[in-house]
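Fair warning: this is a prediction, and the values are worked out from it, not measured in the lab.
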Amino acid sequence: METESEPYVRLTTLRQLHQVMADMNTARSLADTLQTVADGVVTGLGYELACVNLVRADGDLVVAAFSGNPAAEALITGRVGSRDSWDRRLAMGEKWGDLVFISHTEGWVLDDDDVPQWYTDGPAPRFEDEWHPSDRLFAPMYAPGAPGGAPGELLGVLSVDRPRNGRRPGAWGREALQVYAFQAAIAISNARLRANMQRALVRLERDQQALRASEESFRQAFEYAPSGMAIAEMGGDQHGRILRTNDALCRLLGRPASAMRRYSFADLVHPEDIGTLLRTSAEGGRAELRLGRRDGTYVWVSLRNSVVADAADGPRFLLTHVEDIEERKRRELHLAHRASHDSLTGLPNSAELRARLSARLCRRPQSAHPGEYDSLDAAYGHPVYDSGGHGFDFGPGAPAYDAYDHHVHTVAPEGDRDDGAKGLAVLFCDLDGFKSINDRFGHNAGDAVLIEVARRLGNGVRDGDTVARLGGDEFVILADGLGRADAQDLAVRLRNEIIQPIRAEGRAVRVGASFGIGWAHCGMTADEVLKSADERMYVEKRSRPKQHRRAG
């Protein structure tokens with residue numbers, strides 16, 4: 001009878017296996033899959049208890065699902081057993097194919113290890129194949145390996161207890177549990193894959209949302225920034241071409257956004273500031289320069305650059321922040337002008353005069369060793385000077401070493417005759433009769449005279465010449481490229497302009513002027529040049545009778 005019913009029993013078991021395997025592969029989540037695996041052992045394979053021990057990332061195994069006994073489920077679900085203890089268990093006992101059976105006769109050694117376990121009550125076996133309460137049966141679950149090859153990594157272990165018929169499983173029961181463990185491993189792998197994909201999709205969607213939010217935040221920050229912003233191409237043939245500007249920059253330059261896209265900053269910068277722009281680093285570079293407006297004027301701005309990437313390996317763009325500093329620059333220039341110009345006449349003051357003069361002259365280098373240049377002086381028969389501190393002038397007939405190619409050595413005409421040589425003339429002007437105007441008519445009249453004299457001197461020289469007020473009633477003119485006759489003619493013309501009547505405090509007054517002409521050349525200091533011109537002025541003043549020093 002038992003033999004006749006066996007095919008029916010196997011067919012019923014196959015149907016149950018088919019159903020529980022279908023349930024495993026249709027579970028919606030990894031947790032549902034694990035619970036379905038545990039339930040399928042009880043409902044499909046005829047065991048009273050089943051436990052799914054899942055391998056964690058650290059290698060230990062956690063009780064992830066339990067079926068068959070709510071009390072035991074509450075006791076051990078979530079508890080962890082070490083990988084070493086599990087490896088010891090799987091290496092013991094009797095091998096039933098891929099299954100591991102540990103009889104109660106040897107399993108007692110495992111009672112004190114850290115693997116979560118439970119015990120069922122029942123009488124001792126009465127015959128050989130009867131199930132003992134302390135028998136243990138494990139079905140390892142391995143990830144699918146290569147076809148025909150060894151199984152993959154261990155995913156977990158199915159622990160089962162007490163078959164309902166009370167007997168140890170025979171060949172058919174063992175085969176069924178082994179097949180079930182294999183299918184469970186596939187279902188768990190697929191569930192993990194789906195879970196990973198779902199997590200990846202969630203992360204991707206979250207990242208995309210964050211990216212969209214970041215892009216929108218950047219767009220709003222860019223568009224509505226109170227100061228100018230621009231994005232330009234970086235690298236390639238179109239490097240620096242403006243791709244996008246905000247409203248603030250368009251308003252600042254008076255140009256529409258569509259027109260701005262035709263330019264780069266190099267097209268808009270003031271010609272004198274091109275070098276500043278080119279020296280500005282793309283990454284974190286700053287520069288203060290002038291940008292051209294649509295009406296042809298220029299505005300001072302501060303540029304600050306940073307590099308942004310479209311993606312991890314995508315194209316890079318230059319983000320430029322443009323801040324209007326026109327008002328600050330105007331104040332700075334005003335302060336600089338006040339520091340370098342005379343407050344009464346508006347002419348360059350003594351400090352500015354000396355600075356301009358010094359900029360044209362080579363200086364003798366400061367040596368750390370006294371006498372270091374004496375041997376050069378002796379060798380060349382004249383003093384040796386350095387070119388603005390950057391090179392050396394070895395005199396006539398010798399090539400000058402000059403680190404700055406734009407420097408031209410300043411030389412003076414030699415002798416008192418006009419030999420056609422051109423040089424930097426320094427005209428020292430002292431007003432004659434000015435003190436008597438101050439004494440007779442007051443300082444307001446004197447100030448009016450100084451202002452008018454400054455105006456006449458400025459009108460009487462060329463563009464590029466310098467007219468400065470040295471102090472009191474002393475003025476100095478720097479005129480480059482003049483010969484001796486040219487300098488003398490200039491002095492005569494300026495004197496003739498000065499002696500014309502001047503309206504001061506409601507009356508016409510006159511002052512005269514004495515001019516001394518000095519010549520600047522490399523090797524002299526500014527003070528030496530001015531002293532030379534001053535001495536010549538006094539020579540000229542003393543050479544004229546007192547009554548002829550001013551017109552009246």
Side-chain angles (χ1 to χ4, degrees), residues 203-341 346:
R203 284 196 301 270
L204 179 61
E205 177 61 25
R206 187 164 55 243
D207 291 344
Q208 289 178 339
Q209 290 178 354
L211 178 61
R212 288 192 293 269
S214 176
E215 289 176 344
E216 177 61 18
S217 176
F218 173 80
R219 186 192 68 79
Q220 292 192 13
F222 182 89
E223 293 292 344
Y224 302 115
S227 54
M229 303 285 286
I231 297 176
E233 288 193 19
M234 186 173 181
D237 297 337
Q238 298 294 317
H239 177 76
R241 185 174 65 88
I242 296 174
L243 301 174
R244 185 177 175 184
T245 56
N246 68 348
D247 290 340
L249 182 57
C250 293
R251 290 194 304 269
L252 177 63
L253 301 183
R255 302 175 187 270
S258 58
M260 289 292 291
R261 289 192 289 271
R262 296 197 297 265
Y263 299 102
S264 68
F265 280 109
D267 300 323
L268 299 173
V269 73
H270 192 284
E272 295 178 0
D273 298 334
I274 284 287
T276 302
L277 179 67
L278 296 178
R279 289 190 298 271
T280 304
S281 169
E283 302 188 18
R286 287 174 175 266
E288 292 187 355
L289 42 76
R290 289 159 289 181
L291 293 181
R293 290 191 174 108
R294 186 178 183 180
D295 60 7
T297 61
Y298 286 89
V299 58
W300 276 100
V301 300
S302 172
L303 295 186
R304 184 172 68 251
N305 294 328
S306 58
V307 177
V308 294
D310 187 47
D313 296 320
R316 300 201 304 168
F317 299 94
L318 196 64
L319 177 64
T320 302
H321 176 255
V322 184
E323 182 182 359
D324 181 0
I325 59 170
E326 180 72 18
E327 187 62 30
R328 173 168 68 81
K329 272 294 181 180
R330 185 179 293 112
R331 290 196 302 269
E332 289 177 356
L333 293 175
H334 176 67
L335 291 174
H337 186 273
R338 287 183 59 184
S340 61
H341 287 70

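- A side chain to side chain contact (heavy atoms under 4.5 Å, CB included) with M260 holds for exactly one of T245, L243, N246; it is T245.
- Annotation: the span from R206 atom CZ to L204 atom CG amounts to 10.0 Å, rounded to 0.5 Å.
- L291 has its side chain out of reach of L252: every pair of non-hydrogen atoms, C-beta onward, lies at least 4.5 Å apart.
- For the residue pair W300 and E326, the shortest heavy atom distance occurs at N-OE1, 2.8 Å.
- Interatomic distance, CG of L335 versus OG of S340, reported as 10.5 Å (0.5 Å rounding).
- Here the CZ atom belonging to R255 is positioned 8.5 Å from the CG atom belonging to D295, to the nearest 0.5 angstrom.
- Residues passing the salt bridge (Lys or Arg N to Asp or Glu O under 4.0 Å) test with E288 are R328, K329, sequence neighbours excluded.
- No salt bridge links R304 with E323; every basic N to acidic carboxylate O contact stays at or beyond 4.0 Å.
- Applying the salt bridge (Lys or Arg N to Asp or Glu O under 4.0 Å) criterion to R203, with sequence neighbours excluded, gives no partner residue.
- Looking only at side-chain heavy atoms (C-beta outward), I242 and I231 stay at 4.5 Å or farther from each other.
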Can you check side-chain contact (heavy atoms from CB on, under 4.5 Å) on M229 and H321, steps first, answer last? CA-CA 5 Å; M229 303 285 286; H321 176 255; 3.4 Å; yes
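- Counting only heavy atoms from C-beta outward, the side chains of D273 and Y298 never approach each other to under 4.5 Å.
- Taking a 6.0 Å sphere around CZ of R330, one finds it holds more than 12 heavy atoms contributed by other residues, nucleotides or ligands.
- With hydrogens and angles disregarded, no donor-acceptor distance shorter than 3.5 Å links the side chain of T297 to the backbone of R293.
- Contact detail for A232 and G240: the closest heavy-atom pair is CB-O, 3.7 Å.
- What you find for G228 and A248 is that their closest heavy atoms are N-CB, 3.9 Å.
- Between L289 and H270, every side-chain heavy-atom pair lies at or beyond the 4.5 Å cut-off.
- Inter-residue side-chain proximity for V307 and L319 is flagged as unmet; no heavy-atom pair is nearer than 4.5 Å.
- Going from atom CZ of R241 over to atom CG of L318 covers 13.5 Å, rounded to the nearest 0.5 Å.
- Side-chain N or O atoms of R294 include none that pairs as donor or acceptor with a backbone N or O of L253 at under 3.5 Å.
- With sequence neighbours left out, F222 forms a ring-ring contact (aromatic ring centres under 6.0 Å, His included) with F218.
- The distance from atom CG of L249 to atom OG1 of T320, rounded to the nearest 0.5 Å, is 9.5 Å.
- Considering only heavy atoms from C-beta on, R331 comes within 4.5 Å of E327 through its side chain.
- Judged by the 6.0 Å and 45° rule, R244 forms no cation-pi pair with F317.
- A salt bridge is absent between R212 and E216; no separation between the charged side-chain nitrogens and carboxylate oxygens falls under 4.0 Å.
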